[in-house]
Amino acid sequence: MSFTSFHFHEKIAAAIKDCGYAAPTPIQQQAMPPVLDGHDLLGLAQTGTGKTAAFVLPILQRLMEGPRKKVRALIVAPTRELAEQTHEYIGKMAGKTGLASAVVYGGVGKQGQIHQIRNGAEIIVACPGRLLDHLDAGAFNLSKLEILVLDEADHMFDKGFLPAIRRILKYVPKQRQTLIFSATMPDEIRHLAENILQSPVTVQINHDLPAPTISHVLFQVEQQGKTALLKQIMEQTEMVSALIFTRTKHKAKTLALQLEKFGCSVTSLQGNLSQQKRQQALDGFKSGKFKVMVATDIAARGIDVSRISHVVNYDMPDTAETYTHRTGRTGRACRTGEAFTFAGREDMKMINIIERNLGKKMARPTSSGIETESFTANTEMREERPRSSQVRRKSNHTPAAAAGNQNRRRAVPFDFDVRSLSQGSGRKDRLTNAG
Ligand code: AMP
């Protein structure tokens, strides 16, 4: 199938060509025809599948006809980052059409947003809270709205936005086309879809299945050994660009500082940062100024940065779905990627669930040792160690021997050669700005 079969307006077709898209992705193949025909749609697709284009391109096509300088499409997104990213994407695809979008979220001034909209935007991309502020204040109205998109609806629910969504619905015309995109289908989203979609077409792409282009590797390591392990991996693995997930905002910040001291070109993205700092971090990571970003789930969800070669789960995700979302940051648009997961003893239940989801076991770094010895041996790992001690010592640990070693502190905490995981003999300085 090719994009020509959708008969997009030539100005939209030119933008698709400029992006270098060879063919529509599966979600685009399935979702675009019904959306172009004006149907409501429930799209079950995770980020990284090309879902944004699946609604943005048909919206642009529709808006090429009919009145200009009136808000005719609204895309609601759960995070500022996703809203900003979608707005940017529209800017790229609508560049030649004369159509404009405005972006609306909290944490920044209201007047600029109102100005953008009154200036004649046809599309608004918005987070629910700030949008409601504007609507309640009568800053603009949505009486001419034709298309409503709820993007990452499951995440919207996670963040407690469903009441806000229901209030937003009171401000939009009943006669409209509605599209809901969601990576998962919790009951609340199913109910919402039943309530607000009319005779929808449902399309489902790779629901809960990580992209096949990703290889998954498990490092069994206890908490206190994670940073040392991460540094070793960074020294020995060819990482073009890495996204590292931590459970807490505090850890994201402190780990980024530790890696910076280690010589990494690193930034962090977490909810305690001002909107301006978040945008700077994201822009820096996108542009390649920072090769590593340490982030929390909430901050990183939906981030679209191509060429992330590695995702590292420094802390385990809470659910298998979160694992899919995190690791979906790499291996995007048919590139290959590697997902490294650090798991302690208490995380093995979740690993089992994730592996069931993957339909296979994650790779373990060595055939000997790591699976049996790691829990005991790694609890002895030192958080910091001199960089000169990059020794890969041959270990003869058995579970019994390891148990006997429990009280001995070891300078070399584990025994595997991370180079065996990745092709090439990359060096840490690939992750620095130096070269
Ligand atoms: P999304 O799932 O919307 O976050 O998109 C993930 C990435 O896929 C974005 O960088 C898009 O630019 C890219 N993309 C979207 N459609 C296509 C396509 N048909 N071919 C190749 N890449 C695409």
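Counting starts at 1 for both ligands and their atoms, following the listed order. Remember, predicted model here, so these are calculated numbers, not experimental data.
Residue Tyr314 is tested with Thr227, Thr246, Thr341 for a side chain to side chain donor-acceptor pair (under 3.5 Å); the sole match is Thr227. Shown are Leu60, Val71, Leu74; of these, the side-chain contact (heavy atoms from CB on, under 4.5 Å) with Ile123 is made only by Leu60.
In terms of modelled atom types and a separation under 3.5 Å, the side chain of Glu338 and the main chain of Val217 share no donor-acceptor contact.
Heavy-atom contacts of Ala23 reach the following atoms of ligand 1: 18 (C), 19 (N), 20 (N) (cutoff under 4.0 Å). Against a heavy-atom cut-off of under 4.0 Å, Thr52 is close to the following atoms of ligand 1: 1 (P), 3 (O), 4 (O). Ligand 1 places these atoms under 4.0 Å from at least one heavy atom of Thr25: 17 (C), 18 (C), 19 (N). Every atom of ligand 1 with a heavy atom of Phe3 under 4.0 Å away is listed here by number and element: 19 (N).
Judged by the 6.0 Å distance and 45° axis criteria, Lys226 is not positioned over the aromatic ring of Phe342.
Among Tyr21, Phe181, Tyr89, the residue whose heavy atom lies nearest to atom 12 (O) of ligand 1 is Tyr21.
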Pair Leu179-Ile75, side-chain contact (heavy atoms from CB on, under 4.5 Å): steps then yes or no: CA-CA 9 Å; Leu179 317 175; Ile75 299 160; over 6 Å; no

Chi angles and distances behind the side-chain contact (heavy atoms from CB on, under 4.5 Å) call for Glu84, Gln279: CA-CA 9 Å; Glu84 190 65 54; Gln279 200 59 48; 3.7 Å; yes

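Looking at ligand 1, you'll find an N or O of Gly50 within less than 3.5 Å of one of its N or O atoms. Residue Gln85 has no N or O atom closer than 3.5 Å to an N or O atom of ligand 1.
Contact annotation: for Ala45 versus ligand 1, there are no heavy atoms closer than 4.0 Å.
Residue-ligand proximity: Ala54 is placed with every non-hydrogen atom at 4.0 Å or more from ligand 1.
For Phe340 and Phe219, the ring centers are positioned less than 6.0 Å apart.
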